[in-house]
Structure formats: C-alpha cells, structure tokens
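To keep things clear, I will list the structure first and then write my remarks on it.
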2 protein chains.
Amino acid sequence: MGAQTEFILKTSSLSITSSRKKILEIFLSASTALAHQDIEKLAEQYDRVTIYRTLQTFLDRGIIHTIPTTDNTIKYALCSDDCITSGHHHDNHVHFLCDQCGRTLCLDDVSIPAITLPKGYSMKEINMVVNGICKTCME
Amino acid sequence: MGAQTEFILKTSSLSITSSRKKILEIFLSASTALAHQDIEKLAEQYDRVTIYRTLQTFLDRGIIHTIPTTDNTIKYALCSDDCITSGHHHDNHVHFLCDQCGRTLCLDDVSIPAITLPKGYSMKEINMVVNGICKTCME
DNA sequence: AAGTATTTTGCAACAAAGTTGCATTCTATA
DNA sequence: TATAGAATGCAACTTTGTTGCAAAATACTT
Ligand SMILES: [Mn+2]
Ligand SMILES: [Mn+2]
Ligand SMILES: [Zn+2]
Ligand SMILES: [Zn+2]
C-alpha cells in the first residue's frame, strides 16, 4: 500500500518521510479535491506548517494541482500520472463545485475547449470551474 | 461626477453613503479587477470592516462580481450595466491573469464556450480563467 | 424642516489562515 | 554506522476575515 506513495516520491526525487507518505495516501484515497483544512483533519499528527510546506512541495513537482474556487478556498487534487512523471502540471480538465454537498470534483473526461484570446495576449494556463449540483446530490 | 455612483446605488435600492460612493468610484476608474487589499489602500479613510461589508453588499446586488484565481486571492470587478439593472450577476466572459504585472482583466469580448457535463450534473455558473502575459506586458 | 425609525459605520475583540526563523530530528548516502 | 543535508515541530508573528454593539448617518414621515 505504501508502495505507490514511495514510488511517486522517488519519481519526483523527494525524500521519503512519513508526513509526505501520509498526505499522499490521503489524496490517493480521496474521491474529491481537498482543502488545506481537510488535510489537517485527516493528518492531525502532523504540524500545520508541515502540511503547508508539503503541499507547496507537491505543487512544485506536479504531484498535485490547485483548483480555483469562487469562495476564498483553494482545493488541491492529485495530478494525472503524466504530470507526476514529467514533473510539472499540465492537466486540461474541467472542475466541478457542488453547491449542495460542497465537494470539488475533477471531471477528468471533460476537457477544456479552446478559446481565442484578443491579439497581444499569450496563454500559459487555463482553468474552467463549474458550479452546480453534482450527480450524487441530484439523485 | 458622483452622478453615476448615485445612480447605481439608487438603481440597486441602496442608501447613498460616502463609503459606498468612494468604493464605486474606485471600481469605475479602475482598468483592472481589484483585490480587497487594493481597495483598502485606495479607500484608507474607511474601516476594513466597512469595506468587507460593502463588497458583500455589492456582490449581493450584482454590482460587482468575483473572479477566482489560482492563488488564494479573490478579485472583484464591476458587472456590466445589465447585471446592475437586473439585480444579479450573469456575465459570461473570460478572465485573464497576467503572470508578469499581476493584473486581472475582464475580457469582455471573449465569451465562455459551452461544455457538456457528464450525465447527472446540473450547471449553475461557469468560470474560465486564463493565466499568461497580457497585451501591455508583451509590448 | 425637524423628528424618528432604520440602516450603516467604526471600534474592539476575536478567530482563522498563513509565514518565518531556528533548534531538533530524520533521511540518504558514503 | 557516521555524517551532511533536508525536513519537521514549535514559537512567535502577520495577515485576513468575522461578530456584537454603540454611535453616527441616512431615509422617511409628518
Ligand atoms: Mn483536477
Ligand atoms: Mn469580469
Ligand atoms: Zn454534491
Ligand atoms: Zn501584464
């Protein structure tokens, strides 16, 4: 079970520590994106500061990505294997925020359509976030 | 000069106060979206709490809208006249975040393309945010 | 125009979120 | 197993956001 987390850390040339493994396991078993606070609760044996630094490290290596939200919270989710092996984030899927259950989901199968920017603008990254009611809450 | 701000406040059935006029003037003369902190600096005669409450009021009335960003900051920008008269926000344009100058721009002429969500999801709102280099910084 | 009801503001106190420096502990490697 | 370098925990601090309440300003009635 720890095999996958250790593989990810090694691939990203990060030293293997118990907090990094724990936080990775949390992401691997999560079905939704997580806020810093969610992780704090699920990894309460570790210091808040360690979690801040670990998330930043994972972002730098393309292990996780952020999802912008309309409230003031950032959500984090695992990147695809592809990001992890290439060492930087380059996903292209839409994110969904459920107004009822509050969950944030990566819609891996919905890709962001291309847009044309006005002349003079150069695009580096694009984010698309949809609010609404998720499948589970609709039932 | 205060005519336009007073008109907006009256249209939204808000009482006319000096802080509301000042904050509206700031938005009207701004070419970019503003963070809470930007407004604090430009309206330093008013209490921080008043600015929080005023922004919330303006959001409720569809006078301004928020722009989600990849860092943990919310930017605010004026809505179109259409939102103001109808009393709720319903813009549909792309937002641009310049990685160089840090400015956040409403690309009023670039509309968000439609997407198809997986079965069972219901869409209420959609946001599209592009990072890159803006026109001014490219020159 | 003055008086009154209602709304808004500022202040204080607080809570939550995020940052930094440094001593200690842990990890990788020889 | 010894050691250099990296990561962690802790304390102190800053920034950001929230709440209750008294004072002030605004809108409304007469
Ligand atoms: Mn995602
Ligand atoms: Mn806008
Ligand atoms: Zn839901
Ligand atoms: Zn720029």
Side-chain angles (χ1 to χ4, degrees), chain A residues 2-3 5-27 33-61 63-64 66-76 87 102 104, chain B residues 2-3 5-27 33-61 63-64 66-76 87 102 104:
Chain A
T5 58
E6 297 202 4
F7 174 77
I8 293 172
L9 292 171
K10 276 176 186 157
T11 306
S12 309
S13 33
L14 291 174
S15 48
I16 294 167
T17 70
S18 97
S19 56
R20 285 175 179 166
K21 281 193 286 185
K22 174 68 180 176
I23 293 173
L24 267 184
E25 273 163 22
I26 290 170
F27 277 112
L34 300 168
H36 175 97
Q37 208 191 3
D38 299 326
I39 297 161
E40 253 187 67
K41 280 172 191 154
L42 295 167
E44 56 182 355
Q45 64 264 51
Y46 300 103
D47 195 82
R48 232 158 40 87
V49 178
T50 300
I51 296 173
Y52 279 113
R53 295 197 266 227
T54 303
L55 291 174
Q56 187 56 55
T57 302
F58 287 178
L59 283 176
D60 293 342
R61 304 305 171 106
I63 297 173
I64 59 176
T66 56
I67 301 159
T69 62
T70 29
D71 56 9
N72 221 346
T73 61
I74 290 194
K75 301 281 181 114
Y76 303 88
T104 302
Chain B
T5 57
E6 296 201 6
F7 174 77
I8 293 172
L9 292 172
K10 275 177 189 158
T11 305
S12 308
S13 35
L14 290 174
S15 49
I16 295 168
T17 69
S18 95
S19 57
R20 286 176 179 166
K21 283 194 285 184
K22 173 68 179 177
I23 293 174
L24 266 184
E25 274 163 23
I26 291 170
F27 276 113
L34 300 168
H36 175 98
Q37 207 190 7
D38 299 326
I39 296 161
E40 254 187 65
K41 281 173 192 153
L42 295 168
E44 56 182 355
Q45 63 264 50
Y46 300 103
D47 195 81
R48 232 160 40 87
V49 177
T50 299
I51 297 173
Y52 278 112
R53 296 198 266 225
T54 302
L55 291 174
Q56 188 55 56
T57 302
F58 287 179
L59 283 175
D60 293 342
R61 304 305 172 106
I63 297 174
I64 58 176
T66 56
I67 301 160
T69 63
T70 28
D71 56 10
N72 221 347
T73 61
I74 289 194
K75 301 282 180 112
Y76 303 87
T104 302

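Atom set for the values below is all heavy atoms of this structure, side chains included, hydrogens, waters and symmetry mates excluded. Below, chains carry the letters A, B, ... as their sequence lines are ordered, and counting in each starts from 1.
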(request) Output all residues satisfying side chain to side chain donor-acceptor pair (under 3.5 Å) with A/E40, sequence neighbours left out; order by chain, then residue number. (result) A/H36
Could you pull out every donor-acceptor pair under 3.5 Å between side chains of residues 50-59 of chain A and any protein atom, sequence neighbours left out?
| residue | atom | partner | partner atom | Å |
| --- | --- | --- | --- | --- |
| A/T54 | OG1 | A/T50 | O | 2.7 |
| A/Q56 | NE2 | A/D60 | OD1 | 2.9 |
| A/T57 | OG1 | A/R53 | O | 2.8 |

(request) Using atom CG of A/L55 as one end and atom P of D/dA7 as the other, report the distance to the nearest whole Å. (result) 15 Å
(message) What is the separation between atom NE2 on A/H36 and atom C1' on C/dG18, rounded to the nearest whole Å?
(response) 8 Å
(message) Can you measure A/R61 atom CZ to D/dA7 atom C1' for me and round it to whole angstrom units?
(response) 13 Å
(message) Test of understanding: with side chain to side chain contact (heavy atoms under 4.5 Å, CB included), list the residues that count as partners of B/T17, not counting sequence neighbours.
(response) B/S15, B/S19, B/R20
(message) So, taking the atom named CG in B/L9 and the one named CG in B/L14, what distance separates them when rounded to the nearest 0.5 Å?
(response) 6.0 Å
(request) Name every residue in residues 12-20 of chain A that has at least one heavy atom under 4.0 Å from any atom of DNA chain D, in order of residue number, or write none if there are no such residues. (result) A/S15, A/T17, A/S19, A/R20
(request) Under the side chain to side chain contact (heavy atoms under 4.5 Å, CB included) rule, collect the residues that match up with B/T73, sequence neighbours excluded. (result) B/T69, B/D71, B/K75
(message) In whole Å, I'd like the distance from the NZ atom of B/K10 to the P atom of C/dT7.
(response) 19 Å
(request) Check whether any side-chain N or O of A/N72 sits under 4.0 Å from OP1 or OP2 of C/dA17, and answer yes or no. (result) no
(message) For the OG1 atom of B/T70 and the CD1 atom of A/I74, what is their distance to the nearest 0.5 Å?
(response) 7.5 Å
(message) Nearest 0.5 angstrom please: A/T104 OG1 to A/D38 CG, how far?
(response) 9.0 Å
(request) Send over the distance from A/D38 CG to C/dA17 P, rounded to a whole Å. (result) 11 Å
(request) Please determine if a side-chain N or O atom of B/Q37 lies less than 4.0 Å away from the OP1 or OP2 oxygen of D/dT16. (result) yes
(request) Output all residues satisfying salt bridge (Lys or Arg N to Asp or Glu O under 4.0 Å) with A/K21, sequence neighbours left out; order by chain, then residue number. (result) A/E6
(message) Dot-bracket for DNA chain D, please. Rules: Watson-Crick or G-U, both distances under 3.5 Å, ( ) within the strand, [ ] when a pair crosses earlier ones, | for another strand, . otherwise.
(response) ||||||||||||||||||||||||||||||
(request) Name all residues meeting the side chain to side chain donor-acceptor pair (under 3.5 Å) criterion together with B/S18; count only those two or more places apart in sequence or in a different chain, and write none if there are none. (result) B/Y46
(request) Specify the residues of residues 44-51 of chain B, ordered by number, for which at least one heavy atom lies under 4.0 angstrom from an atom of DNA chain D. (result) B/R48, B/V49
(message) Rounded to whole Å, please give me the gap between CD in B/E40 and C1' in D/dG17.
(response) 10 Å
(request) Measure distances between side-chain N and O atoms of B/R53 and base N and O atoms of C/dG10, and say whether any donor-acceptor pair falls under 3.5 Å. (result) yes
(request) Take the protein atom OH of A/Y52 and the nucleotide atom P of C/dG18, then report the distance between them rounded to whole Å. (result) 4 Å
(message) Rounded to whole Å, how long is the line connecting atom CG of B/D71 with atom P of D/dT15?
(response) 17 Å
